[in-house]
Trainee: 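First, the structure itself, so that you have it in front of you.
Quick note on labels: first sequence line is chain A, next is B, and so on, each numbered from 1. The structure presented is a predicted model; accordingly, all values stated were derived computationally and were not measured.
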Number of protein chains: 4
Amino acid sequence: MTQGSTTLRVAVFGENRHEKVDPRVQELYPDGMHTTIAEALRSTLAADGVDAEVRVALLDDIEESLSEEALARTDVLTWWGHMAHDDVPDEIAERVARRVREGMGLVPLHSAHYSKVFRLLMGTSCNLLWRNDGDEERVWTVNGSHPITRGVPHPIVIPEQEMYGEMFDIPAPDELVFVSSFSGGEVFRSGCCFRRGKGKVFYFSPGDQEYPVYHQAEIQRVLANAVQWARPEPREIAPVKIANAPRDWYRDEETTRVI
Amino acid sequence: MTQGSTTLRVAVFGENRHEKVDPRVQELYPDGMHTTIAEALRSTLAADGVDAEVRVALLDDIEESLSEEALARTDVLTWWGHMAHDDVPDEIAERVARRVREGMGLVPLHSAHYSKVFRLLMGTSCNLLWRNDGDEERVWTVNGSHPITRGVPHPIVIPEQEMYGEMFDIPAPDELVFVSSFSGGEVFRSGCCFRRGKGKVFYFSPGDQEYPVYHQAEIQRVLANAVQWARPEPREIAPVKIANAPRDWYRDEETTRVI
Amino acid sequence: MTQGSTTLRVAVFGENRHEKVDPRVQELYPDGMHTTIAEALRSTLAADGVDAEVRVALLDDIEESLSEEALARTDVLTWWGHMAHDDVPDEIAERVARRVREGMGLVPLHSAHYSKVFRLLMGTSCNLLWRNDGDEERVWTVNGSHPITRGVPHPIVIPEQEMYGEMFDIPAPDELVFVSSFSGGEVFRSGCCFRRGKGKVFYFSPGDQEYPVYHQAEIQRVLANAVQWARPEPREIAPVKIANAPRDWYRDEETTRVI
Amino acid sequence: MTQGSTTLRVAVFGENRHEKVDPRVQELYPDGMHTTIAEALRSTLAADGVDAEVRVALLDDIEESLSEEALARTDVLTWWGHMAHDDVPDEIAERVARRVREGMGLVPLHSAHYSKVFRLLMGTSCNLLWRNDGDEERVWTVNGSHPITRGVPHPIVIPEQEMYGEMFDIPAPDELVFVSSFSGGEVFRSGCCFRRGKGKVFYFSPGDQEYPVYHQAEIQRVLANAVQWARPEPREIAPVKIANAPRDWYRDEETTRVI
């Protein structure tokens with residue numbers, strides 16, 4: 001079975017709280033940031049010839065949209081949250097983190113650096129510096145052979161953005177893909193790949209709710225690249241062949257002795 | 001202030017449960033594994049000319065020995081636990097993890113791969129394979145310029161040990177130092193460095209309670225190297241000098257805007 | 001343009017010297033190791049649904065088979081060499097290394113750890129330990145979400161092999177995929193990913209000429225996964241958009257000021 | 001033997017060509033950049049309580065100052081070169097690279113990214129973008145627990161500097177320590193750690209000859225930290241203890257079978 005032969009099932013999680021209370025955000029994203037992101041993924045993945053299904057999951061319907069069953073049918077989950085991180089039940093955050101360890105891809109966006117799920121997977125505070133003054137952000141590629149950089153200009157220029165700056169308290173990324181500068185002089189590791197268990201995580205920092213970042217074509221290109229990169233590897237593990245080798249824990253977890 | 005000018009304050013955490021119930025362990029470690037480890041660190045660090053204080057912390061006195069005050073006076077914490085991981089209060093596990101992010105070194109030993117503290121810092125399941133058949137373990141150095149390998153034979157031979165095997169579900173180590181083989185044919189990443197926040201973590205797998213591993217001089221050498229490596233870096237950060245740069249979050253946390 | 005829409009052009013480089021002088025090798029590989037490897041790639045890639053062209057390049061025809069023109073039409077090059085590394089002209093080794101930096105994938109096999117090309121790209125001695133006693137080798141996966149592990153048993157068991165052991169003097173791999181044990185007790189980082197410039201390199205150690213390693217289906221699966229992983233990323237870099245940003249050096253090298 | 005018990009022997013290599021022809025450089029560095037760097041190391045290391053000997057090596061005396069004998073007595077070598085990289089004989093560049101693999105530390109500065117030695121150790125083109133317009137550079141720490149960041153402000157501000165920008169064609173650093181921004185909007189990985197064989201390499205980009213960068217106290221602090229970090233680890237490897245294990249290649253190279 002090749003990777004391209006199955007449907008890529010994406011869920012776009014949106015907190016959808018700023019959209020309810022902030023006129024500026026309503027103007028930029030009348031149907032919510034999640035709608036803009038979902039539509040961008042649909043059209044960009046279609047243009048790439050990828051068979052994909054993209055659904056929206058909201059904090060308001062989180063018990064259903066991120067249920068065990070729903071997550072079992074999800075290959076990659078993008079996550080936007082900010083003012084209501086605490087409203088995500090601990091149990092659901094743990095469930096999502098476990099699914100990532102089992103193979104589901106995760107793409108946390110912007111202020112999701114502080115989401116429960118991302119912090120559970122990183123093990124660090126995920127603190128950073130910030131200043132919301134409408135700085136110009138330039139997103140530079142530092143790893144030109146990485147698939148997430150496909151079709152991406154060098155740099156991406158975002159005319160106005162909130163500044164996120166170092167030190168960003170994350171583990172050293174397994175692969176560093178993008179580094180941003182801001183007109184105020186700061187720098188930020190803005191595109192970072194991590195592997196956790198069998199799952200892949202790509203944190204991407206552009207995207208504050210007060211600026212039309214997700215309407216920008218180059219940003220949509222990165223998002224589409226990221227969900228393709230983060231999709232689970234198809235696994236067809238052959239049976240373990242030798243007598244004294246223990247069983248494969250991720251294949252036959254119920255029969256494997258794990259301490 | 002140079003690194004060598006201050007006392008290295010080490011705490012050796014011992015679960016001390018097997019020692020209470022298992023005659024085999026009592027025979028090998030009549031005063032508990034923690035005592036053997038603490039004495040080995042005292043003598044080896046003294047031989048290295050390091051000014052060090054080594055204290056013992058037990059699960060039985062964990063409220064005091066790992067209190068906020070006690071941890072604030074601890075530079076590096078070694079951790080051995082196995083059958084009673086769940087008896088460590090969540091609050092204390094979180095406290096220790098936070099102290100690591102603030103700079104304290106951590107050296108989890110053997111079955112501490114499954115401790116609450118290590119899992120909080122890794123973000124993964126920390127599963128592995130195991131088989132307790134008294135395999136010979138050989139610990140090979142794969143990074144010959146790393147300070148933790150100072151004075152260590154290539155390989156260390158442990159005559160009898162519990163087997164720990166891959167896949168070990170951890171994030172890719174920032175530095176891989178040792179890889180072990182077992183007479184049953186398995187391999188294991190047995191010495192792994194991680195940085196989390198300002199703190200350093202060195203996981204070292206040799207050391208099952210049923211074998212005299214911590215009496216072995218080469219193992220004691222690794223432990224002494226590890227606590228020296230993991231000690232916090234002295235920080236003397238100068239004030240931030242420019243107008244539009246945000247304040248340093250780890251210096252003036254109370255005055256820094258962190259999202 | 002999506003990755004799957006173009007033909008994957010593979011060249012299988014074979015030194016083809018042992019095959020001329022060693023009856024044992026002639027018996028195992030009557031048409032040369034390169035033929036076995038090339039046929040394995042053709043059939044495995046076809047089974048994966050990958051549109052691929054696989055050609056053979058020999059030391060005997062190296063001026064033509066690894067000419068500038070031939071390399072310009074090559075996406076991934078596998079490399080087997082041993083007794084005649086010095087017969088590869090320096091100029092051709094430099095040419096191949098440059099092509100890797102420009103994006104071509106490279107898969108050095110077994111004793112190619114000592115090839116000129118691999119050493120040019122690593123910057124280290126690439127020394128290792130060895131002992132040819134027909135040890136059983138077990139190849140364990142340590143990174144279960146990596147595409148090169150697709151369909152690979154855990155472990156692969158190679159009944160007889162030359163032992164390669166640590167310390168293997170390479171830079172720390174960007175991604176460590178496989179670690180092997182040998183019946184003599186040694187360990188080896190047997191599957192290692194590196195990025196050099198825009199190109200990807202996967203070193204894979206199984207494959208001594210005195211054993212039928214390349215006839216083994218699991219090894220052929222790894223080779224087919226590796227050439228798919230190592231293929232160049234399609235690049236469609238948009239023009240740089242802003243006034244004071246320098247031009248993209250890898251897009252318009254002739255117009256870019258590089259120091 | 002502890003690390004602090006022996007003298008740290010540093011050699012400061014200076015190309016010393018701009019100093020002969022460029023009035024601006026002569027004004028900033030009347031005794032040559034190498035003299036400023038050497039004196040800064042002497043005073044800063046002395047203030048740190050480190051027993052150190054710092055000598056100067058010049059391109060004009062390179063046959064003696066970087067002879068086999070001289071290098072054998074050198075623990076860490078800093079390297080500044082620019083307009084005369086090609087005048088360093090290939091044989092000497094190879095010798096220095098070999099010594100790094102054997103354990104000597106190397107600290108390439110600024111335009112030494114293009115030196116023969118650095119390129120030999122990296123295996124890549126080491127290309128980068130540049131623009132010499134007197135940009136302000138800010139050097140941000142991204143790894144707050146790294147010893148090279150000790151006592152370093154966040155950020156270091158360099159009032160005027162040549163811009164170096166991404167993509168910097170190096171292998172992914174083993175540890176990324178500093179990232180710089182420039183007033184023109186570019187970013188650069190300005191402090192990068194690599195291990196090559198038993199030696200450590202720290203590339204540090206600030207320091208163009210047309211600006212008084214090496215007179216700046218914060219830069220001198222980084223240089224002093226870097227040579228301490230890069231010094232060789234004392235090795236006291238015990239004899240290999242078991243029958244069928246091969247000999248340690250880096251201990252008894254003459255008796256070890258290396259392929």
Trainee: Could you tell me which non-hydrogen atom of G185(A) sits nearest to which non-hydrogen atom of S181(D), and how far apart they are?
Mentor: O-OG, 2.5 Å
Trainee: Using heavy-atom distances under 4.5 Å, tell me whether L176(A) contacts chain D through its side chain, its backbone, both, or neither.
Mentor: side chain
Trainee: Restricting to side chain to side chain donor-acceptor pair (under 3.5 Å), what partner residues turn up for D75(D), sequence neighbours left out?
Mentor: R9(D)
Trainee: The criterion is side chain to side chain donor-acceptor pair (under 3.5 Å); which residues satisfy it with R189(A), sequence neighbours excluded?
Mentor: E166(A)
Trainee: Of the options N143(A), T141(A), V142(A), which is the one that meets M167(D) in a side-chain contact (heavy atoms from CB on, under 4.5 Å)?
Mentor: T141(A)
